[in-house]
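Naming convention: chains lettered A, B, ... in sequence-line order (proteins, then strands); numbering from 1 in each chain.
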Number of protein chains: 2
Amino acid sequence: MSSSRDGAGADPAELAWRAMRSLVLELHDKRAEVTDALGMSYIRAKALRSLVGGSMTMRELGAALAIDASYTTVVVDDLEQRGLVRRAVHDVDRRVKVVTITATGRAAARVAQRIMDEPPPALLALPPAELARLVATLTELVERSAAPKSEPKL
Amino acid sequence: MSSSRDGAGADPAELAWRAMRSLVLELHDKRAEVTDALGMSYIRAKALRSLVGGSMTMRELGAALAIDASYTTVVVDDLEQRGLVRRAVHDVDRRVKVVTITATGRAAARVAQRIMDEPPPALLALPPAELARLVATLTELVERSAAPKSEPKL
DNA sequence: TATAACAATTGTACGCCTACAACGACCCGG
DNA sequence: CCGGGTCGTTGTAGGCGTACAATTGTTATA
């Protein structure tokens, strides 16, 4: 019973994975920081970040946030009341509404983005060579984990 | 505006951090897997995992989960009704109740732990040398991030 | 012994999110 | 023009957590 003990995984891959999860989930909960700094729920901040790239329809925004259409209305209502977002009727199709981020909304989105992208101090203190290797390994892991849909030719 | 663009962070540390967050939060949402597999909320699964190490009082369990005393009652009520946990009055102090995990509860906790500890396939496919370097770097990051309380001597 | 302190419970109210039903306004094809 | 489909909205119900207030049973203290 030395290989499947309670909390002492000896497998290197498992060790790496647990360390990663610990860093992201426990040691540096950026999500909590964001909601705290902006005074809004995480999904609202995510909506703002989504809108930085350009205006979207309610439907598109809901899809981007993976939330229900009705809840999309609730979220946009809230953001609009805060003056972070504007709603306008689409020019050609008057059914759809186009959500556009405002200047203040953009500022809030920037704050959120900066908080989430700010690396832990320990990461900044890493020797350049070691950091470079880490980046190489991690980006490869991301690529190989992201939707391995039957290798897109190439 | 080439250094502070919208989503193209050039800083290596930032790249590493974003990759890590992407892996843990988006690409491999173990938390969702656990709640899905066990049919219970994450905090309930966390309660079970906490109890594997030994019985705890309601108060201790609440502290371990960082939840309110009243909500601790709710959680334990639920786990007890599922037969995953037992409540007993403390021998010496009859105010406190000792929560003990059952055999089935232990099995559920094991399932949860296994899901969360299971590394992404891409991580398992890494060359041993690269994996070893990754583990070394990550564990150091964890150590340096975890409560840097004025260097405990030594 | 009176009284304070503590553990657990119950109850209430709220915030956040999911899921679903129903509706009005609108577009589009027949 | 009419009927079917789409878009956004409103409403409802529920799960999950957080945060308090109040209560009961029990222990410790003055």
Side-chain angles (χ1 to χ4, degrees), chain A residues 25-26 29 31-51 55-82 84-100 112, chain B residues 25-26 29 31-51 55-82 84-100 112:
Chain A
L25 298 176
E26 302 164 21
D29 189 354
R31 208 176 137 130
E33 279 185 46
V34 166
T35 65
D36 208 56
L38 298 191
M40 68 176 67
S41 74
Y42 182 73
I43 214 165
R44 284 163 175 77
K46 192 173 177 183
L48 289 181
R49 287 188 295 120
S50 299
L51 290 169
S55 300
M56 305 172 71
T57 69
M58 294 292 291
R59 179 180 180 72
E60 289 168 342
L61 184 59
L65 301 178
I67 60 177
D68 190 52
S70 64
Y71 196 59
T72 306
T73 297
V74 173
V75 168
V76 173
D77 278 352
D78 183 28
L79 293 177
E80 195 174 27
Q81 283 177 0
R82 296 178 192 231
L84 306 176
V85 132
R86 276 184 301 110
R87 239 191 285 231
V89 179
H90 189 92
D91 291 354
V92 22
D93 191 339
R94 294 196 304 188
R95 284 174 303 181
V96 340
K97 303 208 176 153
V98 180
V99 187
T100 307
Chain B
L25 297 176
E26 303 164 19
D29 189 355
R31 207 175 138 130
E33 279 185 47
V34 166
T35 65
D36 208 57
L38 297 191
M40 68 177 67
S41 75
Y42 182 72
I43 214 164
R44 284 163 175 76
K46 192 173 178 182
L48 289 181
R49 286 188 296 121
S50 300
L51 290 170
S55 300
M56 306 171 71
T57 69
M58 293 292 291
R59 179 179 180 74
E60 289 168 341
L61 184 57
L65 302 178
I67 61 178
D68 190 52
S70 64
Y71 196 58
T72 306
T73 297
V74 173
V75 168
V76 173
D77 277 354
D78 183 28
L79 293 178
E80 195 174 27
Q81 282 177 1
R82 295 179 192 232
L84 306 176
V85 133
R86 276 183 301 110
R87 237 191 289 232
V89 179
H90 189 93
D91 290 356
V92 23
D93 191 340
R94 293 197 306 188
R95 284 175 302 181
V96 339
K97 303 209 177 152
V98 180
V99 186
T100 307

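- Taken residue by residue, residues 36-50 of chain B places no heavy atom nearer than 4.0 Å to DNA chain C.
- Heavy atoms of B:T57 sit under 4.0 angstrom from primed sugar atoms or phosphate atoms, though from no base atom.
- More than 12 heavy-atom neighbours from other residues, nucleotides or ligands sit within 6.0 angstrom of CZ on B:R82.
- A close approach under 4.0 Å does occur between a side-chain nitrogen or oxygen of A:K97 and OP1 or OP2 of D:dT9.
- Distance, B:M58 CE to D:dT26 C1': 16 Å, rounded to whole Å.
- Rounded to whole Å, the distance from CG on B:D93 to P on D:dG25 is 16 Å.
- Among the heavy atoms of the strands lying under 4.0 Å from B:D68 is at least one base atom, whether or not backbone atoms are also near.
- Expressed to the nearest 0.5 Å, how far CG of A:D29 lies from OG1 of A:T35 amounts to 8.0 Å.
- A donor-acceptor contact under 3.5 Å links the side chain of A:S70 to the base of C:dC20.
- In this entry the distance linking CD of A:Q81 with P of D:dT9 reads 13 Å, nearest Å.
- Distance A:Y71 OH to D:dT12 P: 18 Å, rounded to the nearest Å.
- Between A:V96 and B:A66, the one whose closest nucleotide on DNA chain D sits nearer the 5' end is A:V96.
- In this structure, CD of B:E80 is placed 13 Å from C1' of C:dT9, rounded to the nearest angstrom.
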Steps toward side-chain contact (heavy atoms from CB on, under 4.5 Å) verdict (A:L65, A:T72): CA-CA 9 Å; A:L65 301 178; A:T72 306; 5.9 Å; no

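- In this entry the distance linking CZ of B:R31 with P of C:dC17 reads 13 Å, nearest Å.
- The CZ atom of B:R44 sits 11.0 Å away from the CG atom of B:L84 when rounded to the nearest 0.5 Å.
- You'll find a donor-acceptor pair under 3.5 Å spanning the side chain of A:R95 and the base of D:dT6, going by distance alone.
- Considering CG of B:L48 and CG of B:L79, their distance stands at 5.0 Å, rounded to 0.5 Å.
- Within the nucleic acid shown, B:V89 has no heavy atom closer than 4.0 Å to any nucleic acid atom.
- Contact check, A:R87 against D:dC7: no side-chain N or O comes under 4.0 Å of OP1 or OP2.
- If you measure from atom CG of B:D77 to atom C1' of D:dG15, you get 16 Å, rounded to the nearest angstrom.
- Per the geometry, CZ belonging to A:R59 stands 4 Å off P belonging to D:dC7, to the nearest Å.
- Contacts of A:V92 with the nucleic acid, taken as non-hydrogen atoms under 4.0 Å apart, involve only primed sugar atoms and P, OP1 or OP2.
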